[in-house]
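Down below is the structure, laid out as structure tokens.
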Amino acid sequence: MNIQVKARAGADAGGTFTDFVALLEGSGELLVGKTLSTPDDPAAAIESASRMAGIEIGAIDLLIYGTTVATNTLLERKGAKVGLLATKGFRDLLAIQRVT
């Protein structure tokens, strides 16, 4: 089923899967799709997931994109060591990053 009505959509590209959800304007119908991620070309996975949901990319008025790849890398303590530099007037960032 290829939907031609306008929609708002969101996509999350993770390390393994890319999730996609679209809300059709007018009917309020929710469409979902999921596909394997393509790290070298995240847009290809988003387009594939949208097709799995039954909606063409051209029908999307607004696409919100997020990725958990960087977050997962930090949470799993993988990758390079990172640091935070806070300049004058931004020392509250240290408390924010510690979630205190």
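When reading the values below, keep in mind they use all heavy atoms of this one structure, side chains included, and skip hydrogens, waters and symmetry mates.
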Exercise. Nearest heavy-atom pair of A22 and A7: which atoms, and what distance?
Worked result: CB-CB, 4.5 Å

For this session: Could you give me the CA-CA distance, side-chain angles and deciding distance for T35 and T18, then say whether side-chain hydrogen bond (donor to acceptor under 3.5 Å, both in side chains) is met?
Result: CA-CA 5 Å; T35 191; T18 294; over 6 Å; no

Problem set entry | Main-chain N/O of E56 paired to S50 side chain as donor or acceptor, under 3.5 Å | no

Problem set entry | Shortest non-hydrogen contact between T38 and D41, atoms and distance | OG1-O, 2.5 Å

Side-chain atoms of residues 73-88: list all donor-acceptor pairs with protein atoms under 3.5 Å, sequence neighbours left out, distances to 0.1 Å.
| residue | atom | partner | partner atom | Å |
| --- | --- | --- | --- | --- |
| T73 | OG1 | V69 | O | 2.8 |
| E76 | OE1 | K78 | NZ | 3.2 |

For this session: Verify the cluster assignment for I60 and L23: are they in a single hydrophobic cluster under the rule of side-chain heavy atoms below 4.5 Å apart?
Result: no

Seminar exercise, completed: Closest heavy-atom pair, D12 versus T67, reported as atoms and distance to 0.1 Å, is OD1-CA, 3.6 Å

For this session: Calculate, to the nearest 0.5 Å, the distance between atoms CG and CD belonging to D61 and E25 respectively.
Result: 5.0 Å

Exercise. Sub-3.5 Å donor-acceptor pair from the side chain of S37 to the main-chain atoms of P39, do we have one?
Worked result: no

Exercise. For F90, does the CZ atom sit with more than 12 other heavy atoms under 6.0 Å from it, leaving out its own atoms?
Worked result: no

Exercise. If you link I, L, V, M, F, W and Y whenever their side-chain heavy atoms are under 4.5 Å apart, who else ends up in the same group as L36?
Worked result: F17

For this session: Give, for atom CD1 of I46 and atom CD1 of I57, the distance between the pair rounded to the nearest 0.5 Å.
Result: 7.0 Å

Exercise. Are I55 and F20 side-chain neighbours, meaning at least one heavy-atom pair lies under 4.5 Å?
Worked result: yes

For this session: Determine the minimum heavy-atom distance between G58 and K6, stating which atoms define it.
Result: O-NZ, 3.6 Å

Exercise. Would you say the side chain of L24 lies within less than 4.5 Å of the side chain of L31, judging by non-hydrogen atoms?
Worked result: yes

For this session: Looking only at non-hydrogen atoms, find the nearest pair between G33 and A53 and report the distance.
Result: N-CB, 3.9 Å

